Visitor: 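One structure, as structure tokens, below. Some questions next.
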Amino acid sequence: MSPAPCCQRARRLPRPGRPMELALRTLPGGGGGGGPVRPGNMMARPDSDFREEALKEDLKFYFMNPCEKYRARRQIPWKLGLQILKIVMVTTQLILFGLSNQLVVSFKEENTVAFKHLFLKDYPGVDEDDYSRSVYTQQDVYDSIFFAINQYHQLKNVSLGTLGYEHDEDDGSGLKICKQQYKKGTMLPSNDTLNIDVAIETDCIRLEPQALANKKVNDLDIKNSSFFNLEFYRLIQVELSFKLKGIDLQTIHARELPDCYAFQNTITFNNKAHSGKVKIYFDSDADIQECKDWYISGSIVQKNTQYILVFDGFVIVSCFASLILCTRSIILALKLQKRFVNFFLEKYQRHVCHADRLEFINGWYVLVIISDMMTIVGSILKMEIKAKNLTSYDVCSILLGTSTLFVWVGVIRYLGYFQTYNVLILTMQASLPKVLRFCCCAGMIYLGYTFCGWIVLGPYHEKFEDLNTVAECLFSLVNGDDMFATFAQIQQKSTLVWLFSRLYLYSFISLFIYMILSLFIALITDSYDTIKKYQQNGLPVTDLHEFLKECSSIEYGKELQASVPFICCCGSHRRRQSDDSLILIN
């Protein structure tokens, strides 16, 4: 990736082998335009040379990879080992949590399907679009309502699950039935006469389980109640809501503590359209609660829970250690950057450009820090969930899933040490800014087609009924999916709209597949060619790179000269122990 133009050197720095007088005459501000060197500058030469050599050595060591640092100092890269160990531990933790989360998801889904078969009359087993089923006669509406009430009454006799009634003194228990309807009105469609008050009134009744146990639902006093005398011409909807309790026992087979659930079920008879079709919606919201009183014989489940909690504790400790080390590395890198900027300004009277400053900020460290913080918080939540003190599965899943994603993305950093993989990494880095700018321009065209398709084709095509569906449909067309179905499903009720749909779809597919998508690929290909040329001919030299080239290849330590002949290090003297605090070690 080519650096910013400001980093191109306008003047080469003096080589270390040149006399100091010549160097001072060559650099701006050195010696006053080629005049004689003052004796004071000659006396300050040893200290400035030592500072320069020390800075070169620190910079050279900072930009080494762990293998080169091991060759230079013969220190085992235990920090690299910590990152590898953390990858294994975080992945193992996510797999264990994912297996536990699968039990939760399957229990919720299976109960939702069971509830639909229990409380919806003649449920076919397959939902109709985004609702469960439909009815078309008044008798079907009454039968469906009373069927749900009767099934709620006989729940313990008909259900196969571990279900029970909710007893809540604050919110009330039992089956709550509410109907919404227009306040008053008369309607004579044959005479095109309408007189209606659009104010909505809501009436509710509550049927307790104890009351239902004393009488059957099909008794005349309930069916003939004035509440169930529905006037469908002004009826908006009827809603049945009730709570049920359940216990998930399948977790015991996975050697986990069972969960207690509270299901908030709602059956809605929607008549807002007044089209002769009443849509029946069933919604079940499952809330995991802490079991108040439980005892499980046998110690296998409890011991397994304790082992997993200990493992989560080790994950937190390793991530916390990684967080401290990466934060320390960034702080030391900023200190080293400050030393380089001040030295460059003092010796060459020139500011270091922005691109060279960014070389000291390791983006991988920032990614690791974010990942460690999310893993620590997610692990704490996981431990609380495992101990049945919390039930925030969704929040924990987001934290652990995203942190594991960042951890595995960080592996690319170690692949970058190999030239073959580094080409791919540098290509992604170089093409990312161009791709983002290109996507912003292409996104404007995409949004235009989205709004146009929604407003024109929405009444005639199910894939264009709302903005979200239109966006998904167009994205599928860009990738070449479902083209024939999109063309074929357009309703030919309007010749003008049918012709417009052909022009709309042909122009969109031609523009995005043949032009925009090709340009998108060309941007990445151009970045790849540029990186390949840089690897063959060398990267553009910046001030920082030129400064590092002046570092001599003298041995890093005399005791390592025989065993490691190709050490990349700076300075002819052995490294001082006091300088370790100024070095960033991976």
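Computed over heavy atoms, backbone and side chain alike; hydrogens, waters and symmetry mates excluded. The structure presented is a predicted model; accordingly, all values stated were derived computationally and were not measured.
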Visitor: Please check if the number of heavy atoms outside Met428 that lie under 6.0 Å from its CE is greater than 12.
Guide: yes

Visitor: Quick check: do Thr92 and Phe311 have side-chain heavy atoms less than 4.5 Å from each other?
Guide: yes

Visitor: Is it the case that the ring center of Tyr446 lies less than 6.0 angstrom away from the ring center of Phe475?
Guide: no

Visitor: Tell me whether the count of non-hydrogen atoms from other residues, nucleotides or ligands lying under 6.0 Å of NZ in Lys183 goes above 12.
Guide: no

Visitor: So do Glu109 and Val113 actually touch side chain to side chain, heavy atoms under 4.5 Å?
Guide: no

Visitor: For Ser132, what residues pass the side chain to side chain donor-acceptor pair (under 3.5 Å) criterion, not counting sequence neighbours?
Guide: none

Visitor: Among side-chain atoms of Ser322 and Gln83, is any donor-acceptor pair under 3.5 angstrom?
Guide: yes

Visitor: Between His117 (side chain only) and Gly125 (backbone N and O only), is there a donor and an acceptor less than 3.5 Å apart?
Guide: no

Visitor: Write down the atom of Val238, the atom of Lys179, and the distance for their closest heavy-atom approach.
Guide: CG2-CB, 4.2 Å

Visitor: Can you name the nearest heavy-atom pair linking Glu465 to Gly458, along with the distance?
Guide: CG-O, 4.0 Å

Visitor: Determine whether more than 12 heavy atoms belonging to other residues, nucleotides or ligands lie under 6.0 Å from atom CH2 of Trp364.
Guide: yes

Visitor: Apply side-chain contact (heavy atoms from CB on, under 4.5 Å) to Leu244 and Tyr152, showing your working.
Guide: CA-CA 10 Å; Leu244 297 175; Tyr152 178 79; 4.1 Å; yes

Visitor: What are the two closest non-hydrogen atoms of Val497 and Val456, and how far apart are they?
Guide: CG1-O, 4.3 Å

Visitor: So does Lys121 pair up with Asp140, basic N to acidic O under 4.0 Å?
Guide: no

Visitor: Just wondering, do Asn362 and Ser329 contact through their side chains at under 4.5 Å, heavy atoms?
Guide: no

Visitor: If you measure from the Lys or Arg side-chain nitrogens to the Asp or Glu carboxylate oxygens, is any gap between Asp312 and Lys382 under 4.0 Å?
Guide: yes

Visitor: Decide if atom OH of Tyr131 counts as having more than 12 heavy atoms of other residues, nucleotides or ligands within a radius under 6.0 Å.
Guide: yes

Visitor: I'd like to know if the side chain of Asn111 and the backbone of Phe107 have a donor-acceptor N/O pair within less than 3.5 Å.
Guide: yes

Visitor: Check whether Thr91 reaches the backbone of Ile87 with its side chain - one donor and one acceptor, N or O, closer than 3.5 Å.
Guide: yes

Visitor: Go through it in stages, so that I can follow the logic: the residues are Glu239 and Thr266, the test is side-chain hydrogen bond (donor to acceptor under 3.5 Å, both in side chains), and I'd like the CA-CA distance, side-chain angles, deciding distance and then a yes or no.
Guide: CA-CA 7 Å; Glu239 184 178 277; Thr266 304; 5.4 Å; no

Visitor: Give me the ring orientation class for Tyr504 and Tyr449: parallel if the planes are under 30° apart, tilted from 30 to 60°, perpendicular past 60°.
Guide: tilted

Visitor: So do Ser501 and Tyr460 actually touch side chain to side chain, heavy atoms under 4.5 Å?
Guide: no

Visitor: Taking all non-hydrogen atoms of both residues into account, name the closest pair between Phe464 and Leu505 and its distance.
Guide: CZ-CD2, 4.4 Å

Visitor: Has Lys243 got a side-chain atom pairing as donor or acceptor with Ala262's backbone, closer than 3.5 angstrom?
Guide: no

Visitor: Would a distance-only check, ignoring hydrogens and angles, find a side-chain to backbone donor-acceptor pair under 3.5 Å from Ser100 to Leu96?
Guide: no

Visitor: Just by distance, do the side chain of Ser510 and the backbone of Ser507 share a donor-acceptor pair under 3.5 Å?
Guide: no

Visitor: When you measure from the side chain of Ser371 to the backbone of Leu367, do you find a donor-acceptor pair of N or O atoms at a distance under 3.5 Å?
Guide: no

Visitor: A side-chain contact here means heavy atoms from C-beta on lying under 4.5 Å apart; do Tyr136 and Lys277 qualify?
Guide: yes

Visitor: Can you tell if the side chain of Leu118 reaches within under 4.5 Å of the side chain of Tyr123, non-hydrogen atoms only?
Guide: no

Visitor: Counting distance only, does the side-chain N/O of His274 pair as donor-acceptor with the main-chain N or O of Leu235 below 3.5 Å?
Guide: yes

Visitor: Has the side chain of Thr268 got a donor or acceptor atom that lies under 3.5 Å from a matching backbone atom of Asn270?
Guide: no

Visitor: Under 6.0 Å from the NZ atom of Lys108, do we count more than 12 heavy atoms belonging to anything else shown?
Guide: yes

Visitor: Evaluate the side-chain contact (heavy atoms from CB on, under 4.5 Å) criterion for residues Thr404 and Gln93: first the C-alpha distance (whole Å), next the side-chain angles of each, then the deciding distance (0.1 Å), finally the verdict.
Guide: CA-CA 10 Å; Thr404 307; Gln93 181 192 44; over 6 Å; no

Visitor: Would you say Ile524 and Phe520 make side-chain contact, with heavy atoms under 4.5 Å?
Guide: yes

Visitor: Compute the centroid of each ring, for Phe242 and then for Phe119, and state whether the two points are separated by less than 6.0 Å.
Guide: yes

Visitor: Hey, can you tell me if Tyr142 and Phe232 have their rings parallel, tilted or perpendicular (30° and 60° cut-offs)?
Guide: perpendicular

Visitor: Considering all heavy atoms of both residues, which atom of Phe282 and which atom of Lys116 are nearest to each other, and what is their separation?
Guide: CD2-CG, 3.8 Å

Visitor: Does Leu160 have more than 12 heavy atoms from other residues, nucleotides or ligands lying within 6.0 Å of its CG?
Guide: no

Visitor: Within a 6.0 Å radius of atom OH on Tyr281, are there more than 12 heavy atoms belonging to other residues, nucleotides or ligands?
Guide: yes

Visitor: One pair to check against side-chain contact (heavy atoms from CB on, under 4.5 Å): Thr375 and Lys86. What are the steps and the verdict?
Guide: CA-CA 10 Å; Thr375 303; Lys86 190 188 71 174; over 6 Å; no

Visitor: Does Tyr182 have its ring centroid less than 6.0 Å away from the ring centroid of Tyr233?
Guide: no

Visitor: Which atom pair, heavy atoms only, marks the closest approach of Gly378 to Cys396?
Guide: O-SG, 3.4 Å

Visitor: Would you say that Phe500 contacts Ser494 through its side chain, given a criterion of any heavy-atom pair below 4.5 Å between the two side chains?
Guide: no

Visitor: Check whether Thr450 reaches the backbone of Ala471 with its side chain - one donor and one acceptor, N or O, closer than 3.5 Å.
Guide: no

Visitor: Verify the neighbour count for atom CE of Met483: are there more than 12 heavy atoms of other residues, nucleotides or ligands below 6.0 Å?
Guide: yes

